Peer 1: 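Next up is a structure, given as structure tokens.
Since we're looking at a predicted model, the values are computed, not measured. Convention: sequence-line order gives letters A, B, ...; per-chain numbering from 1.
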2 protein chains.
Amino acid sequence: MKIPDISISACGYSQVLEIISNKWAGSVIYALEDGTLRYGEVKNRIEDISQKMLTQTLKQLERDGLVRREVKPSVPPIVEYSLTDLGETLIPCMRMLKGWALNHYSSVNKAREEYDRTN
Amino acid sequence: MKIPDISISACGYSQVLEIISNKWAGSVIYALEDGTLRYGEVKNRIEDISQKMLTQTLKQLERDGLVRREVKPSVPPIVEYSLTDLGETLIPCMRMLKGWALNHYSSVNKAREEYDRTN
DNA sequence: CGGAATCCCTACGGATACTG
DNA sequence: CAGTATCCGTAGGGATTCCG
């Protein structure tokens, strides 16, 4: 009996992670959850993000079709970001992840302390 | 009116990611979903994983209390891995992520092609 | 069989300075 | 205001070799 290779079934999983696993993507999606924000507003809502990483993350999310970028031609420039319909579909997943964390993260921390004490 | 800082509310999210966002953790959890496996069996089920990363991932998951490691004292050694109860609680989240990927990843790919063509 | 140890390369990401 | 550009340290992770 051959043991099945699960790489393929796990593959969908790694594709999502490719999108949301970077350090800031989640925070950006959360920030845009309530509606449209200007660049600076996004930055203000995410305390420790650097300007470089915010720009880079927004660009990646735009490329993935999750975030929409609109430039109002004016001086000084106004650039607004919002979730696309596709981006909205990700919200339930992220809520579930966050829910898991809130419910179980203390267990994880206890396990870590225990592990670090005995190893 | 002050714009709220969402760092704290996104924090739970980043905690889960800390656990499952590394390249192989998801695949390992999927591999153990059906029950107990020996080290080599896990390795066989995950096609392209290196020995180093499998060991490292298993150790991390064990430290987080998601995976249980049992050594049968014998020669040659037998080491078995399985999900803990805490580990099992993560399965629904991962199924949901995978479901999202299966439903929407083609849209992401289309968005990327479109983006790359016009930029 | 189930690792540990080492080497090495790359990508991620922070800090800083500059621009239309 | 909303970015670009550059420098640079660190961590992730592959390949290889060795060990109980």
Side-chain angles (χ1 to χ4, degrees), chain A residues 3 7 10-11 13-15 17-29 31-32 36-64 67-82 112 115 119, chain B residues 3 7 10-11 13-29 31-32 36-64 67-82 115 119:
Chain A
I3 297 172
S7 307
C11 151
Y13 175 74
S14 63
Q15 289 174 329
L17 285 185
E18 188 186 334
I19 297 175
I20 60 165
S21 80
N22 87 62
K23 193 173 178 184
W24 300 107
S27 299
V28 169
I29 293 176
L32 294 175
T36 300
L37 293 179
R38 295 181 59 177
Y39 181 90
E41 292 173 328
V42 180
K43 186 153 177 11
N44 286 334
R45 297 195 72 182
I46 308 175
E47 182 147 33
D48 288 326
I49 196 170
S50 69
Q51 179 270 323
K52 172 184 173 180
M53 292 319 296
L54 177 55
T55 300
Q56 183 176 305
T57 303
L58 283 167
K59 200 174 288 181
Q60 177 216 306
L61 291 173
E62 188 196 357
R63 176 170 182 263
D64 289 342
V67 160
R68 178 173 30 245
R69 176 177 189 269
E70 286 166 301
V71 184
K72 317 255 178 183
S74 61
V75 181
I78 293 181
V79 183
E80 293 184 334
Y81 293 92
S82 55
R112 283 181 183 170
Y115 183 94
N119 288 286
Chain B
I3 297 171
S7 307
C11 153
Y13 175 73
S14 63
Q15 289 174 330
V16 209
L17 285 184
E18 189 186 332
I19 297 175
I20 60 164
S21 79
N22 87 62
K23 193 173 179 184
W24 300 108
S27 298
V28 169
I29 293 177
L32 293 175
T36 301
L37 292 178
R38 294 181 59 176
Y39 182 89
E41 293 173 329
V42 179
K43 187 154 178 10
N44 285 334
R45 296 195 72 181
I46 308 175
E47 182 147 33
D48 288 326
I49 196 169
S50 67
Q51 176 268 319
K52 173 184 172 179
M53 292 319 296
L54 177 55
T55 300
Q56 183 176 306
T57 303
L58 283 168
K59 199 175 288 180
Q60 178 216 306
L61 291 173
E62 189 196 356
R63 175 169 183 264
D64 289 342
V67 161
R68 180 173 29 247
R69 177 177 188 268
E70 286 167 301
V71 184
K72 317 255 178 184
S74 62
V75 181
I78 293 179
V79 183
E80 293 185 334
Y81 293 91
S82 54
Y115 183 95
N119 287 286

Peer 1: Verify, without hydrogens or angle tests, whether B:Gln60 (side chain) and B:Ile19 (backbone) share a donor-acceptor contact under 3.5 angstrom.
Peer 2: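 Judged by distance alone, yes, a pair lies under 3.5 Å.
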
Peer 1: If you assign each of A:Gln51 and A:Pro76 to its closest nucleotide in DNA chain D, which residue comes earlier from the 5' end?
Peer 2: A:Pro76

Peer 1: Can you tell me which nucleotide in C:dG13, D:dT4, C:dC7 comes closest to the side chain of A:Lys52?
Peer 2: C:dG13

Peer 1: To the nearest Å, how far apart are B:Leu17 CG and D:dG12 P?
Peer 2: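 Value for this atom pair: 14 Å.
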
Peer 1: Tell me: CD1 of A:Ile49 to C1' of C:dA15, nearest whole Å?
Peer 2: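 About 15 Å, once rounded to whole Å.
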
Peer 1: In whole angstrom, give the distance that lies between atom CG of B:Asp48 and atom C1' of D:dG13.
Peer 2: 13 Å

Peer 1: Within the structure shown, what part of the strands sits under 4.0 Å from A:Lys72 by heavy-atom distance: base, sugar-phosphate, or nothing?
Peer 2: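 Answer is nothing: A:Lys72 stays at 4.0 Å or more from every strand.
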
Peer 1: Kindly say whether B:Trp24 contributes a backbone atom to a donor-acceptor pair with the side chain of B:Thr57 at under 3.5 angstrom?
Peer 2: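 No.
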
Peer 1: For B:Leu54 and C:dA4, what is the distance between atoms CG and P respectively, to the nearest whole Å?
Peer 2: 11 Å

Peer 1: Which nucleotide, D:dA2, C:dG2, D:dG14, lies nearest any side-chain atom of A:Pro77?
Peer 2: D:dA2

Peer 1: How long is the straight-line distance from CD of A:Glu47 back to SG of B:Cys11, given to the nearest 0.5 Å?
Peer 2: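 The SG atom of B:Cys11 sits 12.0 Å away from the CD atom of A:Glu47.
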
Peer 1: With a cut-off of less than 4.0 Å, is there a side-chain N or O of A:Arg38 near OP1 or OP2 of D:dC1?
Peer 2: no

Peer 1: Any donor-acceptor pair under 3.5 Å joining the side chain of A:Lys23 to the base of C:dG13?
Peer 2: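 No, no donor-acceptor pair under 3.5 Å.
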
Peer 1: Taking A:Glu70 for the side chain and A:Ile78 for the main chain, is one N or O donor matched with an acceptor at less than 3.5 Å?
Peer 2: no

Peer 1: Output the rounded distance in Å from CD (A:Glu18) to P (C:dA11).
Peer 2: 14 Å

Peer 1: Given C:dC1, C:dG13, D:dG3, which nucleotide is nearest the side-chain atoms of A:Met53?
Peer 2: C:dG13

Peer 1: Can you measure A:Glu80 atom CD to D:dG3 atom P for me and round it to whole angstrom units?
Peer 2: 12 Å

Peer 1: Out of curiosity, A:Asp48 CG to A:Met53 CE, how far, rounded to the nearest 0.5 Å?
Peer 2: 13.5 Å

Peer 1: Using whole Å, what does the distance between atom P of nucleotide C:dG20 and atom OH of A:Tyr39 come to?
Peer 2: 18 Å

Peer 1: Select one nucleotide: of D:dA2, D:dG14, C:dG3, the one nearest the side-chain heavy atoms of B:Ser50.
Peer 2: D:dG14

Peer 1: Can you identify which nucleotide, out of D:dG3, C:dA4, C:dG3, has its nearest atom closest to the B:Tyr81 side chain?
Peer 2: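 The closest nucleotide is C:dG3.
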
Peer 1: Figure out the NZ/C1' separation between A:Lys43 and D:dA2, and round it to whole Å.
Peer 2: 11 Å

